[in-house]
Each structure stands twice: as structure tokens, then as C-alpha cells.
Number of protein chains: 2
Amino acid sequence: MAAGVTLNDVAKAAGVSIASASRAINGLDNVTEEVRERVLEAAGKLKYVPHGAARALAMSRTNTIGVILPDIYGEFFSEIIRGIDVAARASGLHILVSGSHGDVKEAVKAARAMAGRVDGLLVMAPYADADDLSGKLPFNLPLVMMGGVGGQADLPSLVVDNYSGALEAVRHLREQSCRRIAHIAGPESNLEAQDRLRGYLDGLKEADLSPQVLPGDFTDAAGYAAVQTLLAQEQMPDGLFAANDMMALGATLGLREAGVSIPDDIAIIGFDDIPVTRYASPPISTLRAGVFDIGRRSLELLSVLIERGSAEASTSAASLIVRPELVVRASSRRR
Amino acid sequence: MAAGVTLNDVAKAAGVSIASASRAINGLDNVTEEVRERVLEAAGKLKYVPHGAARALAMSRTNTIGVILPDIYGEFFSEIIRGIDVAARASGLHILVSGSHGDVKEAVKAARAMAGRVDGLLVMAPYADADDLSGKLPFNLPLVMMGGVGGQADLPSLVVDNYSGALEAVRHLREQSCRRIAHIAGPESNLEAQDRLRGYLDGLKEADLSPQVLPGDFTDAAGYAAVQTLLAQEQMPDGLFAANDMMALGATLGLREAGVSIPDDIAIIGFDDIPVTRYASPPISTLRAGVFDIGRRSLELLSVLIERGSAEASTSAASLIVRPELVVRASSRRR
DNA sequence: TTGTACGCGTTATCAG
DNA sequence: CTGATAACGCGTACAA
């Protein structure tokens, strides 16, 4: 159905065997120049296009890698995809993406649907119950986990050191002489958010400050809502660490509306360094996790795993750890 | 290679024929309950996962649609993908995305690579030389063009009325009593950008104003650069229409740095209504093209084409036209 | 209800 | 260099 015209048609039209046609089209050198021309001409005339599935079946090679993310849009995931895309086209690979929408079962389902259609899997599943995953996921397919928590079933992975990033964020705020530092947390079931929360708490403990944690879900709306809570308090915090940039953004929006001055009244810092942080006013300080690089390097790692005899490369299951870098912008620079 | 264990293995393990195994797994009703259980148990034990390519080949059905965009990341495309994703999961479809990186040949190449791996194609190719495409693209695969210019080879498509959108933008600025209205254009080879430029020029002509067009490429950097040019002039414009939101964003950034007041000194309006426009300061006026909806509706349209006997559905090649809606925010509201 | 056998479109092996 | 032909893994008439 796909292409209608098959290799068989081309071969017939060119008056050669289907085998020769295949060789000619794939540029093998064991064909007469004359045959090649005849085949190529016939192919062009008939608008022949190779059938991907058939080729994949015969070669057990798809030149495609599957990408499973919680969502496939938005500033954050978009940057990851960009990184993957850049590396993929460098390796001549295509990408089959799927969103798990925050659900482990969805992620597994997506992975199953990709079996036989991809050469490897890139998975990001920062869910608390992600252990289920490791058992059900690898259909002896090369696999790289992205940005999950550390030793997730010791699969090869690229993880961000969320804890020390958060710690650094808090220290930075303290250096700006913040004393009452609040935190807008990520989803409770999110492992990365949990680590950031831990970093925050420990950062306060270092200086004997008392914490205030507001719930959040990584959306700008959550940041905005959190700020409303703060504004209703008797005493506002003078420092705010949001578990991600989107929430920091929503927070600045709310504060600006309320006429609170940033960073003088309250210093703000986010996490991830998504592109829009630079356009906020004031531009938002953050921790650059190298979102783009996570995508790029993950694919490169996967690419290697695929090249070397596929399957169980868990031997050198090197978990590359990415240490976030503090990026200070106007939202937290006081003086 | 993909899944190692095949249906054959499962059948053997369950002590039934491969046919029965297939039936049991696919939930057909013509199998004894006992056989079904045996098969399912064996499948579970062996961690059997159906081989996508094989299945696709046998059924000529992939439950996957191919998406070809100029790029697969960034605010704009991300929103399109979101629309597609939402509609796709509603239809139980997966998506195979590919970026053409502004090149027609790349787009064709991507499309070819998708043949036999997808049930239909969603293509966005706003290139000036996109005519090549129509001839080389449809391997009698259902296809929907997204947001290209109008009658692109009369394929079924979803197009935005860029011309009237631009016209409306200019009229709006005029109503804000702008007299010197400049335009930051999109890439010259971009058909949509060309239409927006035409709308701008006609909008000025209506009021006998003289145009000033600055070159751009849809990036924020271009918007920023354009502003530098304006600032160096003797007389600044008092109105600015950017061909897309990203450039408008870059422009506001540059103007803010220079201490120019928006919208008092200069009113600004963009195009597309990507999410970040709301976070800019001031929030940016724009024309809502319904980016999300373009994606969603395109997939729905494609879905229909696929359902009804695939192939030449060009009969009712209804090109749905989306009329952009003016969204006035602080960046252009004067009084 | 079950099993056999063929076809899907390509690649790859092995004689000619 | 070329041409049959056997895989690849699965669905499905067809026959039993």
C-alpha cells in the first residue's frame, strides 16, 4: 500500500532480476554500469520508493531511534529534542518520538510499540515508580536513560546532578544576603524534583535557616499560584528558588503584577536554563543543566551502543553525570 | 534482532501453532480460553514483544504518521507538534518526526525515508521552491500540507491567511496612531513571510504611509539586530510589525536595553502567538494563528484521509483556511 | 477451534 | 556479474 510500486516492478521494467535491481539501487559495485542505469531510470520513471518496513525486516536495521519523553513539547523537552536531532542527523538517524504523559504504563506501551521499528531507545522517565520500567523496558534493545535519577536499574544513562545544583542555588541566594528563602517544588512523584528539594533543604540547614516549601508541578501557572500564597503572608520571603524555570517565570510574573521588586525585595532563581529565561524581565538566574547537551550526548552514547553489537552493553553502563552550572542574571544579582 | 524472541518461540513454548498464538495475542475470539491463557503466559514469560516492522509489512498498516517540519523544536514548531500529539494519541497513532532544516531536498529525503513506515504524511514546507515537492512527495500516501501558501499543488492542506493577518496588524497599529510603521521581515524564501510582507505593504498603502522593511530570519537575534539599525537612524519609527513573535521578542529586548518605551515611543506587534509572548515585558501583541490548532486539525484531516481508502483523496482536497485573530496586549495598547 | 502455507517487499546467500 | 531462492516476523485465507 505504501509505495504501490515495488522493487519487483522496477526490476521487471528494467528487464533484470529483482536481485540486480536491489544491488543497483543500493549502490553496490557488483553491477554493470549499463544495468545500473537501466534500473535507476526505471525506478525514477515509476517513482519507486523503497519500503521501509520491508527493508527493516530484511536487514534488522531501521536507522531510527525511539525517543520517549514525558512530553514532546514545551521549552524544556523541545531543547532536549533539539539536542537529539542535531546528533541524530549527524549519524544519519531518524527519530520516532512518543510522549508518556507522566505515566509509566504509557511509557512502557510506547516502548513496546517501537520494538522492531527502532535500533535503540532514548528514555526519560523521572517517575517515582520507574522501577517497573527497567524490568519491562529493555527488549534487549540498546537503551539510554536520560536525566532520570542516578542508579535507575543501572542502565546506561545521562543524569543531572540535581542535588548539588539545588544546593548551589541556595548558597547563591544566601550570598545575596537572603535570609528567608522559599522553594517552589516540582511534582512529588518526580525524582528530579525530589533531589532538588533535598538540595534546597540541605542548603538551608547549612545556615540554620528555616524552609518554606510550596507545592508546584513545573508549570508557569504553579509558579504564579505559589506567589499568590506568598503575597498573602504576613512576611514575604526575600529569596525564592523554583524547581524549574517555568515556575520561576510564573513567579516573576505574579510578583511584577503585585509591584514587588526583583531582585531587591526578593531574589529569584530557577533551574534548567531554558531559552525563555533570557527574555523575562528581569532575566532569570538559573542552573544550566545543559538540556541541549543531554539530548545530544544521550544520542551519541546510544549510537555507540548500537554500533558495538547492540544488546547488553550494560557492561560499561557508564552513567554520565552532568553537573549544572550556575548562571547569574538580573533576577538574583543584588548590590 | 529487535526483540529476539519471536511469535514462533511463543507458539512453541505454548505448544500451539504460530497461527493460534497470533490469534490469541491479538485478541481474536476464535481461540479456546485455555489456549489463550497458555499463549499469554508463555508470551509474558518470554517477554515477547511484537515486531513492528514485520507486522507493518504483513498488514500494510503502521499506526504511525510521519511529520515533516522545517525544524522540530522551538516555540513555534513545538506548539504544532503538541497539537499533532494531542490528536494523534486520541486516534491511537504514533508520530515519526523529521526536520527538513529549511531545505526542500531534505524534506523529500525525509519523506522517502518514511515510505512504508507510516500511514500518512503531515508536511510543512514554506519554501519558495516547494513546487518540486508536490511532484516528488506523494508516493500515493495520504498527505496533508500544513500552513504552506494557498494552492500548493492543490493538495489537501491547512493554511493560514497570512496576508489578511498582516493587514490587520498594520491597521491596528494605525489605530494606535502610529504613522511611521516599520516591518521586520521573515526569510525571503519563505512563502508565509512573503504574504505577511505583502499584507504590511498594502496596509501602509491604504493610509499613504511609507514603508520601511528590515531583513530578518524569524530568530530573536534578527529582531534584536533590526532594532539596532532603527536606533541608528535619525528618526525612529513609532510602530513596528515583526513577521513573527520571536523577532518581536528580540526587538523588545533591544529596545528595552536602549531605554525606548514600549508602547509609548514605539508600539510593537508580532505574529503567531507563541506562548512566550505572554511573558515578555511588556506582553506582546500578536496575531493568533492557532498554531496548536493547525497541528491538531491537520492530523484529524489526515486521519480521515487514511481511514477512507487512503490514496487519492485529493478529490475533496479541501484547503482549510485559518484566519488569524488579533490579540492586543500591552506592547501595542496606547492611550 | 486449530494448523498449514502463502504473501508482504527487501536483502543476502549461493550457484551459475 | 547475474539470477533464483531462502530468510526476516507476522497476519490470514484455506483446509482440516
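Lettering of chains follows the sequences in order, A, B, ..., and the numbering in each one begins at 1.
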Spacing between [X] atom [atom1] and [N] atom [atom2], to the nearest angstrom:
X	N	atom1	atom2	answer
B/H51	D/dA7	NE2	P	17 Å
A/L57	C/dC8	CG	P	14 Å
B/R23	D/dA13	CZ	P	10 Å
A/I18	C/dT10	CD1	P	7 Å
A/R55	D/dG9	CZ	P	18 Å
B/R117	C/dT10	CZ	C1'	14 Å
B/I25	D/dG9	CD1	P	15 Å
A/E33	D/dC1	CD	P	11 Å

For the side chain of [X], starting at C-beta, report the closest nucleotide among [options].
X	options	answer
A/A19	D/dG3, C/dT10, D/dT12	D/dG3
B/L7	D/dG3, D/dC10, C/dT10	D/dC10
B/N30	C/dG7, C/dT10, C/dT2	C/dT2
B/Y48	D/dG11, D/dC10, C/dT10	D/dC10

Completion exercise
CG (A/D85) and CG (A/L299) are apart, to the nearest 0.5 Å, by 9.5 Å
Reckon [X] has a side-chain N or O less than 4.0 Å from the OP1 or OP2 of [N]?
X	N	value
B/T32	C/dT2	yes
B/S20	C/dT2	no
A/S22	C/dT11	yes
B/N26	D/dG11	yes
B/S60	C/dC8	no
B/S17	C/dT2	no

Exercise for the section: Measure from the side-chain N and O atoms of B/S78 to the backbone N and O of A/Y73, and report whether any donor-acceptor pair falls under 3.5 Å. Expected result: no
Exercise for the section: Quick one: closest heavy-atom pair of A/G116 and B/H51, and the distance? Expected result: O-CE1, 3.5 Å
Exercise for the section: Answer yes when B/E75 and B/R82 have at least one side-chain N-carboxylate O distance shorter than 4.0 Å, and no when they do not. Expected result: no
Exercise for the section: Could you tell me whether A/D9 and A/K12 make a salt bridge, using a distance below 4.0 angstrom between a side-chain N and a carboxylate O? Expected result: no
Exercise for the section: Answer with base, sugar-phosphate or nothing: what part of the nucleic acid does B/D29 contact at a heavy-atom distance below 4.0 Å? Expected result: nothing
Handout entry: Under-3.5 Å donor-acceptor pair between B/R61 side chain and D/dG11 base
Key = no
